[in-house]
Every structure is written in C-alpha cells, then in structure tokens.
Amino acid sequence: MTTNDVSLTHDLPHSAAEVSRYRSLLAAARGLVQCDAAALLQLEGDVLRPMAVDGLSEETLGRQFPVAAHPRFARLLDSSRGLRFAHDCGLPDPYDGLIAGQPGILPVHDCMGAPLRLRGIPWGLLTLDALEPHTFDAVSPAQVEALVALVEAGVEAVQTIREMEARAAREQAVAHALRAGRGAPRELLGSSAAMKQLYSEIETVAVSDLTVLLLGETGVGKDLVAQRLHARSRRSEQPLVQVNCAALPEALADSELFGHKRGAFTGAMHDRDGKFEIADGGTLFLDEVGELPLSVQAKLLRVLQSGEVQRPGSDRTLKVDVRVIAATNRDLPAAIAQGRFRADLYHRLSVYPLVVAPLRERGRDVLALAGGFLEENQHRLGARNLRLSPASKSALLAHVWPGNVRELEHVISRASLRAVREQPRGARWTAIEPRHLALESSAVGAPADLRGKAVSLPAEGQVPPVAVRSTLREATLAFQRAWLDEVLTRHQGHLANAAREAGMDRSNFHRTLRKLGLLQADDADARNQSGANL
C-alpha cells in the first residue's frame, strides 16, 4: 500500500469494532504507565480527533482539536520522541477540566505525550495526563520509546484490519472530498444501546440498494443517518442529493424533483434537470417526505416503480438509477387514514424502515454530543477550553430534550456565549454552569403546571391540549402557544413556511411569536436559517 493510500483512510467512518480495538490498545498502554488519563488521537488533516480515551469524560469523544488552536499538541507533533511539559507550563492544556470522575473542573498538572507514525507518516498522538505534579518523574525515555513502539504496532494492526474491510469506492470518494477541500462533516455520535443497534442496522442495509425509510422525531439526526448509509454503500463515489420536501412549494415540487422542458409552464425559460437526474448513479435523500402534496406523491410512486423520469413538457422518458432514502417525523399510517398520504407510496418507501431514537433514550450520549458542540463554539467564539461543570453534566443528563439533538445544539450555543461573556481575561478554561444552560427556559410559553415536564405534541389535525387556566384569556394564549409551537416544529423552525401554513404574513407572524414568548427579537434571522439539519 502506498503512503497516499494511508492518508485516504483517515476520513472514513469508524466502525464500532474499530473503536473498540483502539480502546483496548489504550487500556494496555495505560497499564504500563500510571496516570489519571490517556488518549489516542488521530490526525485528520490539521485536526486531531479522539479515537479512544481512558480516564477522560465522555464529552471528549465529541470534540475535535485543531492543531493550530492547541500549542501543546502542535509541539508534540513536531517532536521526534515525545515531550513532557513542566507542571507550571504556561501553554493551555487541552484536557483541563476533562478528567473523568472529579467533583469539579480541575487542571491537569503533569502531562506527557508522543507522536505516532504509521508506515513512516504522522498518524496522531498518544497523550498521558495526571492531576498531581511529578507523576511522570520516574518514566524514562527508554520506557516512553517502548510504549510508543507498542502503541504504533497496535495502531498498524487496527489500520490493516480497516484497510481489508474498506471498499475501494469509498476510498476514492474520500480522496475526492479531500482534494475539493471540504470541511469535515458532522457524524453520528453515541455508544448507547439504541445507537449501537442503529449502527448495526445501517451496516446491514447500506450495502444493498433497498429503499430506506428513516423514522424519528424532529431533530434526532436523520440526515446524518442518510449520509452514513450513502457513505457505506457501493454508490459512495456518486452524489448524495438532498431534498427538503417541507420547503417545496406545491407549484415547484414537480419541477424540483423531475425537472422540466423549456416552455413547460410560464417562466420555464430553459431546460432543467430534476433532482432524480442529478442523483443518477447515487442516492436521493427525500427529507420530510410526509409533506409532499398528493399530486407529487403519485408521480414519485411512478418513478420508484419504473425507474423512469418524465420531465414536465417532454414526451421522452429518462432512465435513472437512484437509491432513495426517505425520512419523516410524521405518523404516516395515520396520514394514510386521513387521506393525506398514499398507502402504495408508503409501502414502496418503507422497504427497510429504520427508527432513529430520540435523545432522551440515548443516555450518556448527550455528553459526547455536547462535547462536539462545545468544541465548535469554542473555535467560533475564540474561547479557551469550554468545559461542562459536573452540575451542568447532571442537568444535561436529567433534561428530557423534546427538541432532541437540535435542541441540545442550540442550548450549548447559547450557554457558550453566556459563559464566555462572564469569563475573566486569561482564565485557563471557561466553565459552563447550569445557569448558562438555562434549561428551565425551554418551557417558556408552556402552561406553568407543565414546565419542566415532558410534553407530547399533538398529532396532525388534533387540538393541542390546554391545561385548566384561571381565565379565558390565559386559556386562549396557551392554546395559541401550543398550536404555533407545533407548526414551528413541523417546519423545523423555518418561519416563512410556518407563517404560510398559519395563514399570516411574516411580520405579523413574528410579532405574534414574540408576544407569546416563542421567539426572541434577535432570534428571527437564526430561526429562518435553522432548516439546516443535524
């Protein structure tokens, strides 16, 4: 295998079995050198990504460490045989506050590490850390050299297994992405039983061409599942084309999916390729497929049955080879009963249904996800070492997360901004406390007796429940809040689409939301851009 081949495998998705191998390797390394924590980080471009940690908190696994932002890591990578940093070293420590099992956010006082090389090229870092100064005084250079040799041999064994399992098409797609300079996309995170089951199901169906229907509440990350399915399929070198069906006006949905010929309708000045043609050979992801109008559902069914697309305004049919993945947060059988969704299309889409569990059923995965969001905000805000306090971790674990991962992302973004504004200049870290999370504010706009409790949104067509109030005005306001909140949820926070369904012009809709406490004055722009999926 060439040197370039090694670099191509860096950005491939890591299987659960591979992560387990890294953990076993790190546990063996920690057994040779006594310390409070150890980590194995892989270098991907200019970013170090934790492959395994032992003694560090779960949130570490969700983080990515740009080398340019962490001078200790940069010095370790530049060293030939590793370094040990003095306990009073002025360089910020990336692991301050991340040691697991501590009563508070504690600094690291003794740390050492060494670069790892695989087949002659840099692979990443091994780091060892301790809370007590002078912990590593007795560790000799010969011991460090032996430890590095052991870990490098283990990494090469894991990498060899990885290469045997990797597909040539996936490696080519990754190479193309690296040449194009695209940033690292978000990936599915979590080691809960629900996520392990999902990973297993993805591995089973990804290699086939079966149509997959992703089911789950809004904000759980169904688009990330679609991306993983595509990345592990034989079509991974071909395009993954995503369509947000909820954002398609009925008049344009036909043209968006199937294209059109010039002159097919007023304003059709040129021929246009539809999404099916663009995705030919690859994968088409139909997000929020339950929002498609019935007229478009019928045409979609014909394409799925025949594999042929006919552009509006054209007599010619085009053969397409597209693997379809659809997603919805709706109860489609209920929609079928209400006459809002075609039964035959449902059965054509749900050849292999996959359920993405809500965040409240994923246990401690919330901490790994929070760690990833903290890392993003840390670099976005120019902050130093954003860390969750023990109390904040408990608060995150106790919250019911009705908005799932998207809600967590927004909570962490707000908390990071609040904490950074309070942090004194020159502090070694920025602590996220429960007051910064302000999780109790997530119930603003709900009836007082429901705040802090899990609330189930009403099904489509049902009247939102209203708690008993002392006045008719209060009951009316509670009804409006619940109804508008359900509309916003259905449209994933997109204000223009929600206003259209509510039959209101956008300015009046904004004013109503602010009056009911569903939108802050400075949040309108952000909510209008919140259609980007997690």
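Keep in mind it's a predicted model, so treat the numbers as computed, not measured.
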So, taking the atom named [atom1] in [X] and the one named [atom2] in [Y], what distance separates them when rounded to the nearest 0.5 Å?
X: Leu41; Y: Arg49; atom1: CG; atom2: CZ; answer: 11.0 Å
X: Glu361; Y: Asn404; atom1: CD; atom2: CG; answer: 9.5 Å
X: Leu374; Y: Glu59; atom1: CG; atom2: CD; answer: 6.0 Å
X: Ser416; Y: Glu375; atom1: OG; atom2: CD; answer: 10.5 Å
X: Leu98; Y: Leu61; atom1: CG; atom2: CG; answer: 10.5 Å
X: Gln378; Y: Phe65; atom1: CD; atom2: CZ; answer: 8.0 Å

Check your understanding: Yes or no on side-chain contact (heavy atoms from CB on, under 4.5 Å) for Val303 and Leu257, after CA distance, side-chain angles and deciding distance?
Key -> CA-CA 10 Å; Val303 175; Leu257 290 175; over 6 Å; no
Check your understanding: Without hydrogens or angle criteria, can the side chains of Arg406 and Thr218 be said to hold a donor-acceptor pair below 3.5 Å?
Key ->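 Yes - a donor-acceptor pair under 3.5 Å links their side chains.
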Main chain of [Y], side chain of [X]: is a donor-acceptor contact present, judged purely on distance under 3.5 Å?
X: Gln297; Y: Leu292; result: yes
X: His230; Y: Gln238; result: yes
X: Asp287; Y: Cys245; result: no
X: Ser236; Y: Arg232; result: no
X: Arg235; Y: Leu240; result: no
X: Lys299; Y: Val309; result: no
X: Thr283; Y: Ala279; result: no
X: Lys222; Y: Glu217; result: yes
X: Tyr22; Y: Pro50; result: no
X: Asp321; Y: Asp280; result: no

With a 4.5 Å cut-off on side-chain heavy atoms, are [Y] and [X] touching?
X: Val212; Y: Arg323; result: yes
X: Leu300; Y: Val324; result: no
X: Leu495; Y: Leu488; result: yes
X: Ser208; Y: Val205; result: yes
X: Glu288; Y: Asn329; result: yes
X: Trp123; Y: Leu40; result: yes
X: Leu213; Y: Leu354; result: no
X: Leu367; Y: Lys393; result: yes

Practice item. Show the numbers, then the answer: is there a side-chain contact (heavy atoms from CB on, under 4.5 Å) between Ile325 and Val225? Key: CA-CA 10 Å; Ile325 301 173; Val225 177; over 6 Å; no
Give me the atom names and distance for the closest heavy-atom approach of [X] to [Y].
X: Ala415; Y: Ile432; answer: O-CD1, 3.8 Å
X: Gly190; Y: Tyr199; answer: O-OH, 3.0 Å
X: Ala100; Y: Leu56; answer: CB-C, 3.7 Å
X: Gln242; Y: Lys275; answer: O-CE, 4.5 Å
X: Leu396; Y: Ala370; answer: CD1-CB, 4.0 Å
X: Leu301; Y: Leu345; answer: CD1-CA, 4.0 Å

Check your understanding: Is any side-chain N of the basic residue among Arg234 and Asp209 closer than 4.0 Å to the acidic one's carboxylate O?
Key ->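 Yes.
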Exercise for review: Step by step, work out the side-chain contact (heavy atoms from CB on, under 4.5 Å) result for Leu229 and Phe285.
Suggested key: CA-CA 10 Å; Leu229 284 165; Phe285 175 41; over 6 Å; no
**Study point:** side-chain contact (heavy atoms from CB on, under 4.5 Å) assessment of Arg23 paired with Asp54
**Key:** CA-CA 8 Å; Arg23 288 174 180 164; Asp54 194 350; over 6 Å; no
